[in-house]
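Reckoned from all heavy atoms, side chains included, excluding hydrogens, waters and symmetry mates. Residue numbers begin at 1 in each chain, while the letters A, B, ... track the order of the sequences.
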Amino acid sequence: MFYREAGQFKTSYAADQSIFPILQDRIGIAIILAVAFIGIPLFATNFFISTIMIPFLILALATIGLNLLTGYAGQLSLGTGAFMGVGAYACYKLTTFFPDADIILLVLASGFVSAAIGVLFGLPSLRIKGFYLVVTTLAAQFFLEWCFIRIPWLYNYNPSGAIEAPARRGLNIVLTGPGANATARYLVVLTIVVVMTWIASNLVRGRIGRSWMMVRDMDIAAELMGVKLFQTKLLAFAVSSFYCGVAGAAMVFFWLGATEPTAFSINLSFQILFMVIIGGLGSLVGSFLGAAFIWILPAFLRAIPSVFGIAIGAETVEHLSFIVIGALIIAFLIVEPHGLARLWQVGKQKLRVWPFPY
Amino acid sequence: MSLLYSLFVDPFMQMATTPDFFLQVLWEGFVAGILYSLIALGFVLIFKASGVFNFAQGIMVVFAVLSLVGLHEAGVPAYLALLICIGIMFLLAVTIERVVLRPLVNQPDIILLMATIGLTYLLIGLGEFIFGGEPKVMITQELGLPTGSYDLELFGGLVILNQIDIAAAVIAIIMVGSLAVFFHSTRIGRALRAVADDHQAALSVGISLNQIWVIVWFAAGIVALATGIMWGARSDVSFALQIVALKALPVLVLGGLTSIPGAIVGGLIIGIGEKLGEIYWGPLIGGGIETWLAYFIALIVLLFRPQGLFGERIIERV
């Protein structure tokens, strides 16, 4: 009823292949984009923008990155955090080398550095797969983390060992550093995320994405049908690391401002993996839903006890959120392996047939 | 030239000139290796019988020893606490089988792996929630474990062997021996091997899969408890042990996922290699290489033998 696609005929190939073939979807996405681009900058407080929206967008970008690799190409990686770190450190060095360059370009360029490192650690994926590959990506995680700590050149010999985003301009506005305007940063991050999501959605619909899914579903059959396994897997690693690298660079430059190497530890990798699982493996919408869910959950858990008038310490909340996230992961894998994205689809289906149950 | 010298000559010179120190390093590596092997053993048990790559084995080690120490702190006598802990591990095994494994039967391996990662988080949260996140002192003496050390005069120097380390080695050997006997000459052991070979065939001759899974998870829990006690006696009992648990992954890969001797040999190779690398080659590139050296050893072996040193070669057919 509300979501009726009857009567919407496609009369050209272009219409058949459009990203949003259904009118309601187009309207919906237009509303979401309008709210994100106009509504939030106009009405939201700086606090909301810089503690909820910016982290959410950046984590969603990293989740898309891991989802391309794990959800679409079927290669599980526990090194996401390290690849985000590569992006962050690459961007830091680039801002040192090119102080006058546009910061947005540098953030995007650092994605390529991350992609190169990703390919390097993806190389063993042709000979080994499954569990063994997980160990390879863990090698990447621990080795790169070690590099961030032990190679002083990477953090410009800063005695604290941390990296700090210097004040840099992008599009002639100061976007990074302590004096940057939250709304401007938000709009830049939002634009990057929207454009990269659009690219990802075209990627996974096309030849490349289909070959990724073939490799995921059955690699030997894919090879027999002419998919070049080596190139396909490496491309998945490259694109995934690119997304993670950009997310990592954005995390330091547009969100945190300064960070220590421990920020890119294995916990970040797990967090992103959980966003992928809860959001839905192999779904871009799910990446956003998962990121929002996991990012907001701790705040939610903090709020619930106070509603009921029970005082709970910050530590207990942290332990509780570990328990809840762990239990949710298992529950989602059992009950709804396609995650929140599937629930979203079910919801659309219900709206389609409303008010009749079938 | 000087680089080559410091890489290939100098470390060996150091070993030759101070053999007592070298022996000490070797012993430390050996003991660390034994403990890695024990963690890996828990993985192998579960993987052999159910094909589940149990990422949570490491946290099971922490959880087991933490509940032991926590119970003792709450006033339970040490040996009773040990018994209760064994009970807890059994309960955990039953719960995991019921809640996690049974509904996930027939899912792709990677989904099961992710489920055990979820289990890891759950157990971390649960452990911290019940027992608190602070490091605790192991109840070594209360359990009657030795705490002294043997000081051996060798090559004009002193090599110190902690008695607890020797006990760890002995317990590890006993455990592996009894597991080998268990697998090869008992009814349940044969059933376990049958399940490992072919689930469906095992089912059709009347072996209860659910029962088998509970048994292997319980066995893995016992191994985890023993590992935790040994590890806890060497350092404090805390969640930092998780990092040690992650070390067991390269051990596994090195030895092969399905081989008990592989877990032992892999553990020793990684333990000794890691200590030697850290002490003799680590300073050349800044130290702290222990965090990833194990993974690199495993990676190199994988590139030449993708199934590990003792693993079964799986031939895929379409």
Side-chain angles (χ1 to χ4, degrees), chain A residues 70 74-76 78 121 123-124 127-147 149-152 216-221 223-224 266 270 273-274 276-278 281 315-316 318-335 337, chain B residues 47 53 55-56 96 99-100 102-104 107-130 132-133 242-243 246-247 249-250 252-254 257 285-296 298-299 302-304 306-308 311 316-318:
Chain A
T70 303
Q75 316 287 314
L76 180 57
L78 294 180
F121 279 98
L123 278 176
R127 259 181 87 74
I128 54 188
K129 51 187 161 189
F131 310 129
Y132 292 97
L133 192 65
V134 172
V135 175
T136 320
T137 58
L138 273 176
Q141 171 71 46
F142 287 114
F143 178 67
L144 292 171
E145 212 184 316
W146 177 85
C147 288
I149 299 172
R150 300 279 175 164
I151 303 180
R216 172 192 67 191
D217 291 340
M218 198 182 220
D219 51 351
I220 295 177
E223 196 174 12
L224 286 174
I266 191 162
F270 280 142
L273 178 66
F274 292 165
V276 170
I277 297 176
I278 290 203
L281 283 157
E315 254 180 52
T316 317
E318 200 189 325
H319 302 159
L320 273 180
S321 66
F322 264 72
I323 298 179
V324 171
I325 287 177
L328 272 176
I329 293 293
I330 297 172
F332 262 100
L333 285 172
I334 292 169
V335 181
Chain B
F47 190 81
F53 188 98
F55 200 86
I96 289 172
V99 180
V100 184
R102 205 179 282 183
L104 279 176
Q107 292 284 337
D109 300 337
I110 222 145
I111 298 285
L112 283 160
L113 171 60
M114 289 195 247
T116 61
I117 294 178
L119 188 65
T120 308
Y121 255 58
L122 185 68
L123 286 180
I124 293 175
L126 206 62
E128 288 191 334
F129 184 65
I130 300 173
Q242 274 168 267
I243 300 297
L246 286 174
K247 279 287 173 50
L249 293 175
L252 270 178
V253 163
L254 193 66
L257 287 175
I285 48 170
I289 61 172
E290 254 183 307
T291 48
W292 52 265
L293 194 63
Y295 288 90
F296 268 70
L299 202 61
L302 272 189
L303 286 179
F304 294 101
Q307 72 274 33
E316 292 191 40
R317 295 173 209 277
V318 183

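Nearest heavy-atom pair, Y295(B) versus L138(A), reported as atom, atom and distance to 0.1 Å: CE2-CB, 3.5 Å. What you find for L104(B) and L333(A) is that their closest heavy atoms are CD2-O, 3.7 Å. Closest heavy-atom contact between P103(B) and I334(A): CB-CG2, 3.4 Å.
Side-chain atoms of L78(A) and F55(B), non-hydrogen and from C-beta on, do get closer than 4.5 Å to each other. Contact check for I117(B) versus I329(A): no side-chain heavy atoms found under the 4.5 Å cut-off. Counting heavy atoms from C-beta outward, L249(B) and V134(A) have side chains that stay 4.5 Å or more apart. Counting heavy atoms from C-beta outward, L281(A) and M114(B) have side chains that approach closer than 4.5 Å.
Ranked by non-hydrogen atom pairs under 4.5 Å with chain B, the options L273(A), T70(A), L76(A) are led by L76(A).
Going from atom CZ of F143(A) over to atom CG of L293(B) covers 11.0 Å, rounded to the nearest 0.5 Å. In this structure, CZ in F322(A) is found 11.0 Å from OG1 in T120(B), a value given to the nearest 0.5 Å.
Looking at L126(B), both its backbone and its side chain come within 4.5 Å of chain A, counting heavy atoms on both sides. Residue I151(A) does not touch chain B at all, counting heavy-atom pairs closer than 4.5 Å. Only the side chain of F47(B) has a heavy atom closer than 4.5 Å to any heavy atom of chain A. Of the atoms belonging to I266(A), it is side-chain heavy atoms, and not backbone ones, that fall under 4.5 Å from chain B. When heavy atoms are compared at a cutoff of 4.5 Å, L119(B) approaches chain A by way of both its backbone and its side chain.
Evaluation of the ring-ring contact (aromatic ring centres under 6.0 Å, His included) rule for F121(A) yields no partner, not counting sequence neighbours. By the ring-ring contact (aromatic ring centres under 6.0 Å, His included) test, F53(B) is found to be paired with F131(A), F43(B), residues two or more places apart in sequence or in another chain being considered.
A ring-centre distance under 6.0 Å is not found for F296(B) and F142(A). Taking the centre of each ring, F274(A) and Y121(B) come in below the 6.0 Å mark.
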inquiry  = One pair to check against side chain to side chain contact (heavy atoms under 4.5 Å, CB included): I323(A) and F129(B). What are the steps and the verdict?
reply    = CA-CA 9 Å; I323(A) 298 179; F129(B) 184 65; 4.0 Å; yes
